[in-house]
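To start, the structure under review is shown below, and the notes come after it.
Lettering follows sequence order; numbering is per chain, from 1.
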2 protein chains.
Amino acid sequence: MRKNATRFVILGLLAEGPMTGYDIKKIIDIRFRYFWSESYGQIYPELKKLTKEGLLEHLPGEPDDGARQKKRYKITDEGKGAFAGWMSLPPEVERQRSEFLLKLYWAPWLSQRKISDFVGDFSRRHGKDLDILQRMESEMESIVDDHANHWWILRILRLGQRVNEVYLGWAKELLTEMEEREHD
Amino acid sequence: MRKNATRFVILGLLAEGPMTGYDIKKIIDIRFRYFWSESYGQIYPELKKLTKEGLLEHLPGEPDDGARQKKRYKITDEGKGAFAGWMSLPPEVERQRSEFLLKLYWAPWLSQRKISDFVGDFSRRHGKDLDILQRMESEMESIVDDHANHWWILRILRLGQRVNEVYLGWAKELLTEMEEREHD
DNA sequence: TTAGGCATGTAACCCGTTACATGATTTG
DNA sequence: CAAATCATGTAACGGGTTACATGCCTAA
């Protein structure tokens, strides 16, 4: 009754082609950065487990133990089946937590200065996110017909953009309202 | 080097007045529902620990062990200090995960029908969220001057509204685009 | 009287990060 | 040759959910 989405993210990426644990982490950090994350401490043990269960296999010619070298994994048919099974399940709604909004809720405990610092940090962070998403969109637009899922990736990127635009607009407004309020 | 925001949420709520673990959970589920969550399995043990550390105390006249009855906790001065200390720290950025977007990324594995079901669920969920946020906003607008933090709560609610509006608009557009694409 | 909400609590278990350890390869 | 990056892996630890156990009180 647990999620363990990690294993399915790994299977999904390996379904696009064989790669190493390091590659998987890199792709998640870049392509998925707005809606997913994993750590090595999750990825490597999970690769091992998936291999033992027969959902993955080492590529032949690669060391399967001993020497510390690149280890490329390939998904098996069983692995593809497991992935397809997970895909067809309704997506779990993850709990969301925002320490930023929590602290805004108790803003009267803080100085005006401190609050506007927090809001400023929030704003800058989402400004950067927006920049990255816009760059990713341009790239993706030029190769939208290359793969079946590029059309979908574009839609995901655009959602990310709109959300970040909302964050930015809201933060800017809030800073203005705070100033107006201070010398009323 | 760990977060443990749970204990500070508890301290923050108890700083508004004494209450039970049950009350704390209810408030988080209702007022914080768009940006925070806790389970009883976190709250009760944490209340115990905080009491042992002297940041909380049982209200006199309440059973401090034995009979299973209402147990109201009150924050101590030390507890207030700990809370203020946490408040002044820059908010941690929590990792965010969306299984929904992950599955959209691999949408070509699914039938058109399945995808639009997922998008439809997403849309309905955020439609409900938007309704609730709008109702909370009306309530809050009528009592905005009652407490120092009501002004802030209003801003938080409005951010939630805008984000949910973006989700809804995006989902509607996506469903339209999917239909256009199907009979091209 | 019974269903539902109030109310507290624990144990098992998994999730996930962090810190640490190790070493190869590439590039300035 | 040194630094950065590639690359794999484990152990410890805390975070957090879920399932379970218990029992009171109140309204239909």
[X]: what forms a side chain to side chain donor-acceptor pair (under 3.5 Å) with it, not counting sequence neighbours?
{"X": "B:E78", "answer": "none"}
{"X": "B:D29", "answer": "B:K25"}
{"X": "B:N149", "answer": "none"}

Between [atom2] of [N] and [atom1] of [X], the distance in whole Å:
{"X": "B:H58", "N": "C:dT8", "atom1": "NE2", "atom2": "P", "value": "10 Å"}
{"X": "B:M19", "N": "C:dT8", "atom1": "CE", "atom2": "P", "value": "12 Å"}
{"X": "A:D29", "N": "C:dG16", "atom1": "CG", "atom2": "P", "value": "15 Å"}
{"X": "B:E38", "N": "C:dG9", "atom1": "CD", "atom2": "C1'", "value": "16 Å"}
{"X": "B:I27", "N": "C:dC6", "atom1": "CD1", "atom2": "C1'", "value": "15 Å"}
{"X": "B:N4", "N": "C:dG16", "atom1": "CG", "atom2": "P", "value": "18 Å"}
{"X": "B:K25", "N": "C:dG5", "atom1": "NZ", "atom2": "P", "value": "15 Å"}
{"X": "B:K70", "N": "C:dT8", "atom1": "NZ", "atom2": "C1'", "value": "13 Å"}

Consider only side-chain N and O atoms of A:Q161 and A:E137, and report whether a donor and an acceptor are under 3.5 Å apart.
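Checked: A:Q161/A:E137 side chains pair up, N/O donor to acceptor below 3.5 Å.
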
Has [X] got a side-chain N or O lying under 4.0 Å from the OP1 or OP2 atom of [N]?
{"X": "B:K71", "N": "C:dT8", "value": "no"}
{"X": "B:S39", "N": "D:dT18", "value": "no"}
{"X": "A:K26", "N": "D:dC6", "value": "no"}
{"X": "A:Y22", "N": "D:dT8", "value": "no"}
{"X": "A:T6", "N": "C:dC15", "value": "no"}

Results of salt bridge (Lys or Arg N to Asp or Glu O under 4.0 Å) for [X] - residues two or more places apart only:
{"X": "A:E173", "value": "B:R162"}
{"X": "A:R33", "value": "A:D129"}
{"X": "A:D117", "value": "A:R113"}

With the threshold set at under 4.0 Å for non-hydrogen atoms, list the residues of residues 94-104 of chain A touching DNA chain D in residue-number order.
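Within residues 94-104 of chain A, the residues near DNA chain D are A:R95, A:R97.
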
Would you name the heavy atoms of B:W36 and A:E99 that are closest together and state the gap between them?
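Looks like CZ3-N, 3.8 Å.
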
Could you tell me, to 10°, how much the axis swings from one end of the helix from C:dT1-D:dA28 to C:dG28-D:dC1 to the other, five pairs per end?
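End-to-end axis angle for the helix from C:dT1-D:dA28 to C:dG28-D:dC1: 30°, rounded to 10°.
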
Output every pair passing side-chain hydrogen bond (donor to acceptor under 3.5 Å, both in side chains) with a member in residues 80-95 of chain A, not counting sequence neighbours, ordered by first then second residue.
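Passing the test, one end in residues 80-95 of chain A: no pairs.
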
Neighbours of DNA chain C within residues 41-54 of chain A, by heavy-atom distance under 4.0 Å
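Nucleic-acid contacts, sorted: A:G41, A:Q42.
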
Any heavy-atom pair between the side chains of A:H126 and A:F122 that's under 4.5 Å?
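A side-chain contact exists here, since the closest heavy-atom pair is under 4.5 Å.
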
Listed once per pair and sorted, the salt bridge (Lys or Arg N to Asp or Glu O under 4.0 Å) pairs that draw on residues 10-24 of chain A, sequence neighbours left out
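Output for this query lists A:E16-A:R31.
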
Could you work out which one of C:dT8, D:dT17, C:dA7 sits closest to the side chain of B:D23?
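The answer is C:dA7.
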
Could you tell me which residues satisfy side-chain contact (heavy atoms from CB on, under 4.5 Å) with B:Q42, sequence neighbours excluded, listed by chain and number?
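Checked B:Q42 against side-chain contact (heavy atoms from CB on, under 4.5 Å); matches are B:T6, B:E38, B:S39.
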
